[in-house]
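This report refers to the structure that appears directly beneath it.
No hydrogens, no waters, no symmetry mates; every other heavy atom, side chains included, goes into these values.
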Amino acid sequence: MTNETAVFPARAGARQMLNKVPEVTVYFWVIKVLCTTVGETAADLLNENLGLGLTNTSLVMAVLLIGTLWFQFRAKKYVPGLYWLAVVLISVVGTLVSDNLTDNFGVALETTTAVFAVALVAVFAAWYWSERTLSIHSIHTVRREAFYWAAILFTFALGTSAGDLTAERMDLGYWVSAVLFAVLIAAVAAAHYGLGLAAVPAFWIAYILTRPLGASFGDYLSQARADGGLGLGTVGTSAIFLVLILALVSYLTVTRRDATPAPVSPSEG
């Protein structure tokens with residue numbers, strides 16, 4: 001794996017050189033968590049409140065995701081609005097993939113968690129075998145971007161199953177589950193900065209853990225008080241987080257604070 005300087009917010013003088021994906025900054029992690037929360041609540045909103053049903057919701061969102069990724073792949077550089085729209089949609093689709101398996105086909109959460117973990121490892125193995133790196137700091141070819149989005153999809157599906165497993169099946173509750181995953185992310189950050197954990201595995205571990213963190217937080221806000229939530233509902237929770245995402249992405253579009261050109265070496269072309 002290639003050496004990288006940071007996986008969490010970059011220190012002064014240590015800015016990352018990215019291309020089709022954003023620089024790993026505080027903005028990156030904040031928007032990522034917001035997207036994971038929207039993925040959970042928006043999936044419930046479309047499935048239940050609008051009456052589309054799980055199957056129809058899955059089909060509609062899959063079509064929207066494919067269309068967005070088509071534009072994303074055709075883009076020549078990182079475009080904040082396009083990139084984060086893809087993340088929001090892939091968050092929803094990842095949630096729906098997990099929900100379809102558990103709700104429509106009766107697959108146990110323990111099984112889906114294990115299956116998605118194996119699938120993610122397989123994507124990483126194929127990616128590394130092909131590119132000799134799992135770095136997100138050199139996503140400047142179609143093949144690398146394909147591996148990147150495949151990995152993102154499975155991190156969301158895995159995170160959904162893991163979050164539901166801890167919050168519901170293990171009966172920890174949404175709030176306790178959110179705190180648990182927040183502590184695990186803090187432990188990864190400590191291992192990266194204090195114990196020398198390499199940036200690439202630290203990034204992907206943290207990326208996976210933010211999914212159940214956001215999902216648990218979203219469920220805590222949206223679910224009824226009788227079910228352990230705050231009762232804000234999926235409509236209110238989704239609207240709040242979408243507005244926050246839009247505000248941050250608009251800011252980044254104007255300032256370009258999370259985008260830097262990626263020089264392509266002959267060996268990476």
Side-chain angles (χ1 to χ4, degrees), residues 1 4-11 16 21-22 24-41 43 87 90-91 94-95 97-99 102 108-125 134-136 148 151-223 228-230 237 241:
M1 295 183 184
E4 302 188 25
T5 57
V7 57
F8 294 94
R11 301 185 184 105
Q16 303 300 321
V21 300
V24 181
T25 65
V26 171
Y27 302 106
F28 178 92
W29 291 114
V30 170
I31 300 175
K32 168 58 168 61
V33 173
L34 293 175
C35 289
T36 64
T37 303
V38 168
E40 184 73 16
T41 58
V87 174
I90 210 167
S91 175
T95 298
V97 169
S98 176
D99 289 347
T102 56
L109 286 170
E110 294 86 350
T111 302
T112 58
T113 301
V115 168
F116 289 135
V118 171
L120 181 59
V121 170
V123 170
F124 283 145
L134 298 180
S135 169
I136 69 162
Y148 174 81
I152 297 302
L153 175 61
F154 283 117
T155 63
F156 279 113
L158 171 59
T160 298
S161 293
D164 290 344
L165 179 64
T166 57
E168 299 173 8
R169 187 62 56 83
M170 295 182 179
D171 202 29
L172 294 181
Y174 302 121
W175 177 246
V176 174
S177 182
V179 171
L180 170 64
F181 288 110
V183 170
L184 291 175
I185 292 171
V188 174
H192 172 58
Y193 286 124
L195 301 177
L197 176 64
V200 170
F203 171 84
W204 285 113
I205 293 170
Y207 199 97
I208 292 168
L209 291 173
T210 56
R211 177 62 183 102
L213 169 66
S216 298
F217 187 55
D219 281 335
Y220 176 69
L221 293 175
S222 63
Q223 296 301 312
L230 291 182
T237 304
F241 282 85

List the residues meeting ring-ring contact (aromatic ring centres under 6.0 Å, His included) with Tyr148, not counting sequence neighbours, and say none if there are none.
none
Just jot down the ring-ring contact (aromatic ring centres under 6.0 Å, His included) partners of Tyr207, sequence neighbours excluded, or say none.
Phe203, Trp204
Heavy-atom check, side chain of [X] versus side chain of [Y], under 4.5 Å:
X      : Y      : value
Phe28  : Val21  : no
Phe181 : Thr166 : yes
Ile136 : Val24  : yes
Thr36  : Phe217 : no

[atom2] on [Y] to [atom1] on [X], rounded to 0.5 Å:
X      : Y      : atom1 : atom2 : result
Thr155 : Ile205 : OG1   : CD1   : 13.0 Å
Leu165 : Thr160 : CG    : OG1   : 12.0 Å
Ile208 : Thr210 : CD1   : OG1   : 9.0 Å
Ile185 : Leu180 : CD1   : CG    : 10.0 Å
Leu34  : Tyr27  : CG    : OH    : 13.5 Å
Leu221 : Thr37  : CG    : OG1   : 7.5 Å

Sequence neighbours excluded - salt bridge (charged side-chain N to carboxylate O under 4.0 Å, His left out) pairs with any residue from residues 108-121
Glu110-Arg169
Where at least one partner belongs to residues 195-212, residue pairs that pass salt bridge (charged side-chain N to carboxylate O under 4.0 Å, His left out), sequence neighbours excluded
Glu40-Arg211
Test side-chain hydrogen bond (donor to acceptor under 3.5 Å, both in side chains) applied to Thr112 - qualifying residues, sequence neighbours left out:
Ser161
Could I get the full list of side-chain hydrogen bond (donor to acceptor under 3.5 Å, both in side chains) partners for Ser216, not counting sequence neighbours?
Ser177
For Leu197, is there any backbone N or O sitting under 3.5 Å from a side-chain donor or acceptor partner on His192?
yes
Side chain Thr102, main chain Ser98, donor-acceptor under 3.5 Å:
yes
Which heavy atom in Ala157 sits nearest to a heavy atom in Phe116, and how many Å separate them?
O-CD1, 3.6 Å
Any idea which heavy atoms bring Ser91 and Cys35 closest together, and the distance?
OG-O, 3.1 Å
